[in-house]
Amino acid sequence: MRILLIHSDYLKYKTKQKTKIAEDIEDMKKSGEFENALVVFTAVEKEDEQNTGEIVENAVSEIINVSGQVKPDNIIIYPYAHLSSSLGSPQLAKKILENMEFELKDNGFNAFRIPFGWYKSFEISCKGHPLSELSRTITAKPGEEEKAEEEPSKWHVLSKGELHDPNNFKFESKDLKKLTDYELGKLESTGEEPPHVKLMREKSLADYEPSADAGHLRWYPKGRLVRDLLSDYVYNLVTEYGAMPVETPIMYDLADEAIRTHADKFGERQYRMGTKKELMLRFACCFGAFRMLSDSFLTWKNLPVGVYELSTYSFRLEKRGEVVGLKRLRGFTMPDFHSVCADIPQSLEEFDKQIDMCMQTGKDLNINYEAIFRSTADFYEENKEWVHSAAEKIGKPILLEILPKRKHYWIAKMDFAAIDYLGRPIENPTIQIDVESAERFDITYINEKEEEEYPIIIHCSPTGSIERVIGSLLEKTAIEMNEKPPMFPTWLSPIQVRVIPIAERHMDFAISLAEELRASNIRVDVDERHETVGKKIRNSATEWVPYTIVIGDKELESDKFTVNIRETQEKALMNKEEIINRISNEVKGMPFRPLPLPLKLSKRVNF
RNA sequence: GCCCUAGUGGCUUAGCUGGUAGAGCGAUGCCUUGGUAAGGCAUAGAUCGGGGGUUCGAAUCCCCCCUGGGGCUCCA
């Protein structure tokens, strides 16, 4: 509930015209005038409907509090819808306002309620003292009993078809142990900053943009390249799986009932725009995908069918203190894949394939995932065998959460998490079986009996957000720092080969070598600055360049080059073909994009 | 959002209880044309996060705000 309190010399009002939701009133209530009045403009909001008693109580106590300070003769409850962008239903709103009036009278105040649902003219004279204009947001604190009643989830470790108590399980995987501790709230924090935050800036990938909102990043050319490569990777993966890439708007009109209901599930964590139309920014691709699917004609022959979109961007108004680095953003890019399945059995088949797809990304990106399977108790009981076989696909113990009752739109989901340097999970891929949205968005298909039916929808993000993938890769370099030099895999390295000419006379040769490598789809650059070889080698290393080639007199004479290999820290003698073959082999099957930077380092901008 | 903590050239930072900012890296210029993780010299670059206050005088003390980090809570 939103209220605006005006302490006025007088308030005059007159009803003019009825609206559809107008209450019936006696003639004497059609106009009125009140002196020394505390006018409480009030908007009842959607969320107030959960707990009307508490809302009335809190609103009244706030009004009494203010009136104790300004000492008005009258308190006027004035229904004023324009204070909120998320109004509750008129019937309930009226009821709440009536109760407020009653409570105030009961407390001995001269309270009066202005008629609801009429167009009214009014005139108010604000006193203008410091407390004469106040606004308040009234919320119902969640009742203690209500919280206590909610049954907690049951946690297990599922290993080789058997359930174990997480508190006594002998963990072989440190990562699963950490994930379990985190989920059960047992993880102790060291209070450090995750190392990827520093790395993303140091490597000129991304940085905070203080002129935007918190949690929105600027991406420098190298970072943009890495994002694009990962996007290409997911695109190739899901299209191979059969998904159809689409693109949908990033904002939606909350006047649409289905959009509004789906959006309201997200609560305060969304961006809303106070434009003429009440718009929200999407927090996932669901809105566009569902609207597209509900407008398309589906038959059982089409199913299962999937649409895929890379959400550049999704927006979530995460709480201020939760926004950190690449791990949790307010604007992020999420591969979002929705597949429509005829029924539960078909959705389980799809789920299995999507587990394979998520596992594949772990392999391709070389990120270790630990898995959590979550489902309602009902779903688990009915599909125990399938759950266990799905868990088997992970090939190691997983965490299992059984929720006593369904509280979200999904009945079963699997989340995959990477573990960061500080031992905390970064939630990456996810698969969810959604049993609510088809009906809400009126997505139907024609079954074999020619009847219209609601399908099951699976949400899947095979990698999780692109930013989190980059974050996980950076965290991994920090974790492995002592075992090997930090770097990206070659296919993701913004610069794959650096050519270093020793003196001026080696320049032409170096450039032509670079151009030949570039022609073989290798991202190569030339450090032709007037610096010592030692310094250029060092620079190349701090930029994590996998291959560095020094060109001097010897190289002009022979066809062999001395190549510094970052991964093994070896110096190898290779000819041009060997270099090209080695790199092509290393990046095989992975996307390629050309170097989006000047070939010559002297031309390069320092971000 | 709440609690704790921090903010000094592009980056890393020195600056004790108030006296008007010092360095390294980087950048630019000159010298060096060199063989595998920092060559030498010089120059430029700072409204000390912003606003207000206390004071003869504030990077330093006080208040408000912004931004970063950590914690709580939360991630349908």
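Computation of the quantities below employed the complete heavy-atom set of this structure, encompassing side-chain atoms and omitting hydrogens, waters and symmetry-equivalent molecules.
Once rounded to the nearest 0.5 Å, the distance linking CG of A/Leu205 with CG of A/Leu473 reads 10.5 Å.
The closest side-chain donor-acceptor pair between A/Asp415 and A/Thr430 falls under 3.5 angstrom. A side-chain N or O of A/Arg291 and one of A/Ser294 form a donor-acceptor pair less than 3.5 Å apart.
B/rC2 and B/rG10 are spaced 31 Å apart, taking the P atom of each and rounding to whole Å. For the C1' atoms, the distance from B/rA23 to B/rA14 is 7 Å, rounded to whole Å. Here, B/rC66 and B/rG49 have their C1' atoms 7 Å apart, quoted to the whole Å.
The base of B/rC75 sits with one of its N or O atoms less than 3.5 Å from a complementary donor or acceptor on the side chain of A/Arg328.
Proximity of A/Arg201 to the phosphate of B/rG10: no side-chain N or O atom is located under 4.0 Å from OP1 or OP2.
Residue contacts for A/Pro501: at a heavy-atom cut-off of 4.0 Å it reaches no nucleic acid atom on any strand shown. Residue contacts shown for A/Tyr182 include a base, since a base heavy atom lies under 4.0 Å away. Residue contacts for A/Arg316: at a heavy-atom cut-off of 4.0 Å it reaches a base atom on one of the strands shown. Counting any heavy atom pair closer than 4.0 Å across all strands shown, A/Val605 reaches no nucleic acid atom.
Across the interface with RNA chain B, nearest-nucleotide mapping of A/Lys198 and A/Lys554 shows A/Lys198 to be the residue nearer the 5′ end.
Note on residues 463-479 of chain A: pairs passing salt bridge (Lys or Arg N to Asp or Glu O under 4.0 Å), not counting sequence neighbours, are A/Arg227-A/Glu467, A/Lys476-A/Glu480.
Between A/Glu370 and A/Lys178 there is no salt bridge, since no side-chain N of the basic residue sits under 4.0 Å from a carboxylate O of the acidic one. A salt bridge between A/Arg316 and A/Glu322 is absent, with no side-chain N of the basic residue lying under 4.0 Å from a carboxylate O of the acidic one.
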Scoring nucleotides 36-41 of chain B by protein non-hydrogen atoms under 4.0 Å (B base, S sugar-phosphate only, - none) yields BBBB--

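Within residues 455-469 of chain A, the residues approaching RNA chain B are A/Arg468, by heavy-atom distance under 4.0 Å.
With sequence neighbours excluded, no residue forms a side-chain hydrogen bond (donor to acceptor under 3.5 Å, both in side chains) with A/Tyr454.
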Taking N or O atoms only and anything under 3.5 Å, show me the protein contacts with nucleotides 48-50 of chain B, one pair per line.
none

Given Watson-Crick and G-U pairs under 3.5 Å, RNA chain B in dot-bracket ([ ] crossing, | other strand) is (((((((..((((.....[..)))).(((((.......))))).....(((((..]....))))))))))))....

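By the neighbour-count criterion of 12 heavy atoms within 6.0 Å, atom CD of A/Glu567 is sparsely surrounded, having that number or fewer from other residues, nucleotides or ligands.
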